[in-house]
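In what follows, a single structure is set out as structure tokens and then discussed.
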Amino acid sequence: MTETLFSGISHLVTPAPGSQRGAAMRELTVIENAALLVRDGLIAWVGAEKQAPPTPETHDLGGVAVVPGLVDPHTHAVWAGNRLADFEARVAGVPYETILAAGGGIRSSIAATAAATVEQLVTLARPRLAALRQSGATTIEVKSGYGMDFDAELRMLRAVQVLGHEFELSPTLLIHVPPTENREDYVRGVCETLIPEVATESLATAVDVFCEAEAFSVEETRQIFEVAQAHGLKIKLHADQFHAIGGTELACQMGALSVDHLEASGPAQIAALAASNTVATILPGVTLHLGLPAAPGRALIDAGAVVAVGTDLNPGSSPLFSVQMALALSVRLNGLTPAEALTACTVNAAAALGLSDRGSLSVGMRADFLALHGPDWRELPYTLGANPVRDVFVGGIKL
């Protein structure tokens with residue numbers, strides 16, 4: 001048995017365990033002059049330092065604030081190639097359709113990723129994941145989706161599997177872009193070949209679908225979801241990024257872990273999420289980078305939804321390598337309060353991945369926590385362009 005008391009905590013700040021919705025997202029526990037006892041990777045005690053139990057090993061954190069480790073519930077961190085020419089063209093006013101027709105856009109990422117080996121994908125993704133972890137992410141979701149052909153999708157997931165020995169990752173099979181021809185055959189292949197193989201090899205814990213006017217229809221999404229659930233995989237959804245076509249309502253009906261994006265969500269979609277246990281994951285990096293309308297974070301919380309925040313780290317629409325920055329942007333762009341943003345990036349983000357054992361500094365939870373540079377936890381949502389996170393601990397071990 002290993003046991004360490006972490007002392008010298010100016011303020012320990014945490015949401016309650018489990019997903020929090022509506023007004024409960026603002027309810028944080030704040031303990032001044034606190035200490036935290038970690039036993040075998042789990043939190044065994046938390047409270048005022050003067051009341052701490054005697055422990056042989058003590059780690060003095062030096063009078064700084066401590067918060068739970070952040071969870072990034074939405075990334076595309078495995079890709080090859082880059083979209084720098086796309087970026088330059090887009091800011092010059094070139095329409096995305098023109099970029100796509102010239103061989104750029106998402107299809108350039110698909111081509112480059114499909115040509116990469118597992119080893120190359122691992123090498124490319126490792127520093128991206130390291131940057132997320134340095135910014136405070138102790139658990140990171142990583143999607144496939146840039147392969148399109150099934151062998152490439154499997155290589156992406158195998159790269160995530162390799163990287164899972166270095167990082168705490170949650171792998172997701174993303175059905176991202178439909179082919180321009182033989183669409184029905186592609187969906188059939190996803191259902192009859194790809195999902196069964198991913199499930200058999202335990203390469204993913206969930207299946208995500210991009211349900212949009214430009215991507216997969218609601219009925220195609222339903223087919224894929226039903227097969228995923230039949231193979232014991234959880235379901236997630238990209239929806240309402242550009243158009244609200246019914247994907248959000250379908251996901252809520254089918255018990256999806258989360259619906260992500262939501263920039264185009266209206267009253268009907270907000271009401272469906274508020275009435276369900278499906279997490280509404282908002283991605284402010286997309287709003288910042290593409291200039292899209294912000295997802296209605298304030299309206300979702302006021303309606304009583306469970307709201308999470310992610311980076312959507314990807315080469316095209318959100319080159320955001322900091323979960324702390326996503327947290328800070330959600331306050332500025334989506335109308336969250338600092339307390340709501342912390343909850344959104346911890347217990348609610350964990351819930352978006354189907355995880356209930358992390359995100360709160362409470363007895364019995366994983367000892368994933370951050371020591372900040374200063375004594376006030378609000379530096380986390382306040383800071384832009386610098387990293388307020390000093391130390392990252394996973395299972396009580398400093399990384």
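Counting from 1, the numbers follow the sequence of the chain as shown.
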Value rounded to 0.5 Å, distance of SG in Cys211 from CG in Asp240: 8.5 Å
Side chain to side chain contact (heavy atoms under 4.5 Å, CB included) evaluation trace for Leu233 with Thr205: CA-CA 6 Å; Leu233 297 169; Thr205 58; 5.6 Å; no
Evaluation steps, side chain to side chain donor-acceptor pair (under 3.5 Å), between Asp260 and His238: CA-CA 5 Å; Asp260 303 18; His238 281 59; 5.8 Å; no
Intermediate values then yes/no, side chain to side chain donor-acceptor pair (under 3.5 Å), Asp40 and Thr2: CA-CA 5 Å; Asp40 294 335; Thr2 60; 3.3 Å; yes
Ring centers of His289, Phe87 separated by less than 6.0 Å: yes
Same apolar cluster: Leu129 and Leu313, side chain cutoff 4.5 Å: yes
Common cluster, Val142/Leu237, ILVMFWY with side-chain heavy-atom separation under 4.5 Å: yes
Sequence-distant partners of Asp391, salt bridge (Lys or Arg N to Asp or Glu O under 4.0 Å), two or more places apart: Lys398
Taking the basic N atoms (NZ, or NE/NH1/NH2) and the acidic carboxylate oxygens, is any pair closer than 4.0 Å for [X] and [Y]?
X      : Y      : value
Asp151 : Arg155 : no
Arg90  : Glu88  : no
Arg158 : Glu153 : no

Counting N and O atoms only, with roles assigned by atom type, does the side chain of [X] sit under 3.5 Å from a partner on the main chain of [Y], one being a donor and the other an acceptor?
X      : Y      : answer
Glu184 : Asn182 : no
Ser108 : Gly105 : yes
Lys143 : His176 : no
Glu220 : Ser217 : yes

Are [X] and [Y] linked by a side-chain donor-acceptor pair shorter than 3.5 Å?
X      : Y      : result
Asp312 : Ser318 : no
Glu214 : His243 : yes
Asn348 : Arg21  : no

Residue pairs passing the salt bridge (Lys or Arg N to Asp or Glu O under 4.0 Å) test where at least one lies in residues 2-15, sequence neighbours excluded: Glu3-Arg39
Salt bridge (Lys or Arg N to Asp or Glu O under 4.0 Å) contacts in which one or both residues fall within residues 348-359, not counting sequence neighbours: Glu168-Arg358
Hydrophobic cluster partners of Leu327 (side-chain heavy atoms under 4.5 Å): Val13, Leu28, Val30, Val67, Leu70, Val323, Leu342, Leu370, Leu372, Trp377, Leu380, Val389, Val392, Val394, Leu399
Under the side chain to side chain donor-acceptor pair (under 3.5 Å) test, residues paired with Asp185 that sit two or more places apart: Arg188
Any residue meeting ring pair (Phe, Tyr, Trp, His ring centres under 6.0 Å) with Phe6, in chain and number order, not counting sequence neighbours: His59, Phe369, Phe393
Test side chain to side chain donor-acceptor pair (under 3.5 Å) applied to Asp376 and His11, step by step: CA-CA 7 Å; Asp376 194 322; His11 292 85; over 6 Å; no
